[in-house]
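Presented below is the structure to which this report refers.
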Amino acid sequence: ALGEPQVDSFLHPEAVHGLEVPINGLMNDRYAYKTSSDIRRTFDAKRRRGEFIGAFAPYGYRKDPADRNRLLVDPPAAQVVRDIFLWYAYGPSGAASACRGGDKEPAGGMSKEGIAQRLNELGVPNPTAYKRAGGLRYFNPHAVQNDGLWRGSGVAAILSNEVYAGTLVQGRQRVVSYKVHDRIRVPESGWYRVSGAHEAIVSRELFDLVQRLQAAGTRQPPGKRQRHLFAGLLRCADCGKAMTRKPSKGHVYLNCSTYKRKSKARCGPHA
């Protein structure tokens with residue numbers, strides 16, 4: 001310690017056994033705790049006011065140069081986000097009709113993997129590649145292996161992010177303490193959610209529709225881009241579990257998933 005009282009364990013080894021070391025350590029620890037608490041309170045206040053405090057804006061947005069805590073729509077990326085939502089709900093053909101205010105019922109929506117394949121075929125860079133191409137020094141643990149291509153998981157993350165409906169959700173994770181920097185998940189009841197914090201990219205109606213479709217558990221049939229007609233809709237009348245597909249000789253059969261995957265003694269095939 002260079003301050004007062006000075007402690008030099010090389011010139012005076014016995015100094016480490018005096019009272020100065022534990023007392024200074026305690027004072028420094030309390031100072032670190034107070035600083036950490038003050039910073040947390042400041043960040044929480046910003047979250048409550050709907051101010052964005054992340055290092056990088058979500059894909060589809062950019063930070064306002066005049067106010068770094070405010071999000072502005074980034075038109076090129078925002079159009080990709082709209083396409084993802086519309087394709088998932090209505091498919092490529094139905095998306096145009098939905099934009100014109102036509103039939104609002106979802107029909108023939110694309111799967112997440114199908115959307116990723118379509119974006120890759122169109123040459124659209126994924127969010128990480130897009131941010132880097134824009135000159136941002138964006139980095140995450142997997143950025144080195146990032147090949148610029150979209151994946152179904154990336155599409156799923158966008159479809160589930162409420163920020164695109166104009167609601168800013170922050171505080172989903174926190175560090176354990178000022179001493180332990182490991183991050184832990186925060187229960188949803190502890191999140192900071194502010195509606196209308198910024199301009200929405202998709203309507204609340206479309207966002208809620210996509211959440212209902214995802215909750216139905218629809219999945220992409222093998223080798224197909226479109227969701228199956230009955231995906232997420234059919235249930236076994238006896239056990240209540242989902243029916244699972246089994247293609248055979250040009251036809252698609254559906255069986256009780258309990259019978260097919262778990263135990264033939266617990267339910268019947270119900271083909």
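Using a 4.0 Å cut-off between charged side-chain N and carboxylate O, D208 and R204 make a salt bridge. With salt bridges taken as basic N to acidic carboxylate O contacts below 4.0 Å, one links D38 and K34. Using a 4.0 Å cut-off between charged nitrogen and carboxylate oxygen, R172 and E188 do not count as a salt-bridge pair. A salt bridge does not link E199 to R70: none of the charged nitrogens lies less than 4.0 Å from a carboxylate oxygen.
No side-chain heavy atom of S257 sits under 4.5 Å from any side-chain heavy atom of C236. For the pair L168/R193, no side-chain contact is recorded, criterion being any heavy-atom separation below 4.5 Å from C-beta on. Between R266 and C239 the shortest side-chain heavy-atom distance does not fall below 4.5 Å.
Formation of a donor-acceptor pair under 3.5 Å by the T35 side chain with backbone atoms of Y31 is found in this model. A donor-acceptor pair under 3.5 Å links the side-chain atoms of N126 to the main chain of L149, judged by distance alone.
With sequence neighbours left out, the ring pair (Phe, Tyr, Trp, His ring centres under 6.0 Å) criterion links Y33 to Y178. The ring pair (Phe, Tyr, Trp, His ring centres under 6.0 Å) check on F207 picks up nothing, with sequence neighbours excluded.
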* Check the pair D44, R41 against salt bridge (Lys or Arg N to Asp or Glu O under 4.0 Å), reporting the backbone distance first and the verdict last. => CA-CA 5 Å; D44 287 346; R41 281 195 295 270; over 6 Å; no

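For Y59 and W150, the ring centers are positioned less than 6.0 Å apart. Y61 has its ring centre less than 6.0 Å from the ring centre of H198.
Under the side-chain contact (heavy atoms from CB on, under 4.5 Å) rule, Y164 has a single partner from V81, L159, V210, which is V81.
In K241, the NZ atom is not crowded: 12 or fewer heavy atoms of neighbouring residues, nucleotides or ligands sit closer than 6.0 Å.
Expressed to the nearest 0.5 Å, how far CZ of R118 lies from CD1 of I115 amounts to 10.0 Å.
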